[in-house]
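Please read the structure below before turning to the comments.
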Number of protein chains: 2
Amino acid sequence: MSGSGRFVDGYLLYLLARASSVASAEFHQQVRAQGVSISVWRILASLKGTDQGLTVGELARSCLANQPAISKTVDKLVDQGLLERHADTEDRRRVWVRLTPAGEQRVDSLIARAMDHQARLLDALGPENADILKAALTQLIDRAP
Amino acid sequence: MSGSGRFVDGYLLYLLARASSVASAEFHQQVRAQGVSISVWRILASLKGTDQGLTVGELARSCLANQPAISKTVDKLVDQGLLERHADTEDRRRVWVRLTPAGEQRVDSLIARAMDHQARLLDALGPENADILKAALTQLIDRAP
DNA sequence: CGTTATTATATGAAAAGGAATATTTTATGG
DNA sequence: CCATAAAATATTCCTTTTCATATAATAACG
């Protein structure tokens with residue numbers, strides 16, 4: 001014997017990270033080609049479809065990022081006119097973040113590409129496999145320690 | 001109506017990223033508690049089980065990171081005595097990186113924790129679901145555009 | 001062979017990210 | 001109420017990553 005006895009090749013967390021990376025690679029390149037970083041894309045995408053927006057903390061969790069990073073990136077996007085902040089009237093610690101019309105426009109264009117890419121991905125995977133994958137991932141998210 | 005019409009909630013790449021993040025969170029905290037960053041953990045783990053080690057480029061791909069980042073982190077780990085570099089004799093552009101005995105020792109201790117965590121994760125998931133998940137992820141990796 | 005292209009790694013400056021903490025506001029408990 | 005604790009966001013400082021490019025070595029092609 002002497003086959004690839006690498007530890008990581010049998011390690012579930014590595015398989016997950018690799019799958020996420022491989023599946024996202026092509027689309028992420030498209031996003032960067034539009035001059036948008038992945039962190040910015042995640043912020044814009046997370047806000048799309050929310051009505052009042054999200055608080056900074058919610059946004060951080062949604063983006064799988066930490067709060068200070070989100071605060072700083074939101075700063076820049078506000079400067080660029082893509083987002084706006086407004087304080088919560090009941091709890092003045094909370095800060096809501098939402099898309100401006102310009103932000104909506106920007107994210108809509110990215111989402112169109114995302115849907116297109118996703119369609120190709122699901123197609124390559126086959127609908128039945130895609131459903132199985134989604135179910136398995138959802139279970140994992142719900143049941144992870 | 002007005003259900004959570006968020007775009008990301010139905011987006012496969014987001015589901016994948018979130019699953020990876022959620023599943024890894026607890027273990028990653030353990031790693032950091034050992035004074036080891038995730039990037040360092042990935043380098044050490046990637047090398048475990050290789051015989052001659054990996055080249056810098058292979059290591060970068062295995063760690064889902066880019067090459068300059070790996071070069072620099074390897075620098076530090078060499079300084080710390082956990083890794084060693086040696087040039088390829090046939091192609092002197094290539095640089096091999098492998099674990100020193102101290103590196104092996106360090107990674108073995110982390111891998112023990114990783115296996116323990118994985119056992120609990122698989123248990124929470126159920127063996128049959130785990131197998132389905134692995135198969136689905138492997139297909140995704142192989143078939144992604 | 002010599003010249004140009006390509007590949008592998010390293011380096012340097014700039015941007016992003018992370019850990020710790022400050023600040024402001026709300027909750028809690030005597 | 002007042003004091004203390006907890007929560008949400010911002011800020012600071014430092015590390016890490018990224019982007020571009022330099023350097024060195026091999027490959028390819030006339």
Side-chain angles (χ1 to χ4, degrees), chain A residues 17 21 24-25 28-44 46-47 50 52-80 82-98, chain B residues 17 20-21 24-25 28-44 46-47 52-80 82-98:
Chain A
S21 170
S24 305
H28 283 183
Q29 270 198 293
Q30 293 182 38
V31 173
R32 281 188 290 263
Q34 302 295 310
V36 176
S37 74
I38 301 311
S39 0
V40 166
W41 154 243
R42 283 185 173 167
I43 290 178
L44 299 179
S46 290
L47 290 169
T50 66
Q52 77 280 58
L54 295 175
T55 67
V56 171
E58 289 168 340
L59 200 46
R61 285 185 292 276
S62 176
C63 294
L64 315 171
N66 61 2
Q67 177 264 310
I70 296 298
S71 281
K72 292 169 205 170
T73 307
V74 166
D75 279 349
K76 283 186 287 193
L77 293 173
V78 168
D79 288 348
Q80 293 172 26
L82 300 179
L83 299 182
E84 58 190 11
R85 282 191 167 100
H86 59 104
D88 187 306
T89 49
E90 296 181 350
D91 183 343
R92 278 156 44 213
R93 293 172 299 185
R94 292 204 174 86
V95 173
W96 292 90
V97 180
R98 70 178 166 206
Chain B
S20 179
S21 171
S24 306
H28 283 183
Q29 270 197 292
Q30 294 183 38
V31 173
R32 280 188 292 262
Q34 301 296 310
V36 176
S37 73
I38 302 310
S39 0
V40 166
W41 154 244
R42 283 186 172 166
I43 289 178
L44 299 179
S46 290
L47 290 169
Q52 76 282 57
L54 295 176
T55 67
V56 170
E58 288 169 340
L59 200 47
R61 284 185 292 276
S62 177
C63 295
L64 314 172
N66 61 3
Q67 175 264 310
I70 296 299
S71 280
K72 289 166 196 170
T73 306
V74 166
D75 279 349
K76 282 185 289 192
L77 294 173
V78 168
D79 288 348
Q80 292 172 27
L82 300 179
L83 298 183
E84 57 190 12
R85 281 192 168 100
H86 58 103
D88 187 305
T89 48
E90 297 183 347
D91 183 342
R92 279 155 47 212
R93 292 171 301 183
R94 291 205 173 86
V95 172
W96 291 89
V97 179
R98 69 178 166 206

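Sequence lines set the chain letters: A, B, ... in the order given, protein chains first and strands last, and positions in each chain run from 1. Any value given below was found using the heavy atoms of this structure, including those in side chains, with hydrogens, waters and symmetry copies removed.
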Holding to side-chain hydrogen bond (donor to acceptor under 3.5 Å, both in side chains), I want the full list of residues that pass it with [X], two or more places apart in sequence or in another chain.
X       : answer
B:Gln30 : none
A:Gln80 : none
B:Arg61 : none

Separation of [X] atom [atom1] from [N] atom [atom2], in whole Å?
X       : N      : atom1 : atom2 : result
B:Ile70 : D:dT16 : CD1   : P     : 13 Å
A:Leu64 : C:dA16 : CG    : P     : 19 Å
B:Leu77 : D:dT16 : CG    : P     : 10 Å

Would you say A:Ser37 places a side-chain N or O within less than 4.0 Å of OP1 or OP2 belonging to C:dA15?
no
So, is A:Lys76 close to the C:dA15 phosphate, meaning a side-chain N or O under 4.0 Å from OP1 or OP2? no
By side chain to side chain contact (heavy atoms under 4.5 Å, CB included), A:Ser21 pairs with (sequence neighbours left out) B:Leu64
Residues at least two apart in sequence or cross-chain that pass side chain to side chain contact (heavy atoms under 4.5 Å, CB included) with A:Ser39, listed by chain then number, are A:Ser37
From the list B:Leu47, B:Leu54, B:Leu77, side-chain contact (heavy atoms from CB on, under 4.5 Å) partner of B:Val97 resolves to B:Leu47
Contacts satisfying salt bridge (charged side-chain N to carboxylate O under 4.0 Å, His left out) that involve residues 86-95 of chain A (not counting sequence neighbours) are A:Asp91-A:Arg93, A:Asp91-A:Arg94
Applying salt bridge (Lys or Arg N to Asp or Glu O under 4.0 Å) to B:Arg32 and not counting sequence neighbours gives none
Taken in chain and number order and not counting sequence neighbours, the residues that satisfy salt bridge (Lys or Arg N to Asp or Glu O under 4.0 Å) with A:Asp75 are A:Arg85
5'-most contact on DNA chain D (nearest-nucleotide basis), A:Ser71 vs B:Ser39, goes to A:Ser71
Note: contacts of residues 52-62 of chain A with DNA chain D (heavy atom, under 4.0 Å) are A:Thr55, A:Val56, A:Gly57
On a heavy-atom basis, the closest approach of A:Ala60 and A:Ile70 is CA-CG1, 3.5 Å
Scanning both residues in full, the closest heavy-atom pair of B:His28 with B:Ile38 reads CG-CD1, 3.4 Å
For nucleotides 23-25 of chain D, print each protein N/O atom paired with a nucleotide N/O atom at under 3.5 Å, atom names and distance only.
unit_1: D:dA25; atom_1: OP1; unit_2: B:Arg92; atom_2: NH2; d: 3.3

Axis-to-axis angle across the helix from C:dC1-D:dG30 to C:dG30-D:dC1, five pairs each end, nearest 10 degrees, ~ 30°
Against the side chain of A:Arg94, the closest entry in D:dA10, C:dA10, D:dT9 is D:dT9
Winner on side-chain proximity to A:Val95, out of D:dT17, D:dT9, C:dA10, is D:dT9
When rounded to the nearest 0.5 Å, the distance separating CZ of A:Arg98 from CD of A:Glu84 is 4.5 Å
Can you name the atoms? Protein N/O to nucleotides 18-22 of chain C N/O, anything below 3.5 Å, with the distance.
unit_1: C:dG18; atom_1: OP2; unit_2: A:Asn66; atom_2: OD1; d: 3.1
unit_1: C:dG18; atom_1: O6; unit_2: A:Lys72; atom_2: NZ; d: 2.1

(message) Is there a side-chain contact between B:Val74 and B:Val56 in this structure, where contact means two heavy atoms from C-beta onward sitting under 4.5 Å apart?
(response) no
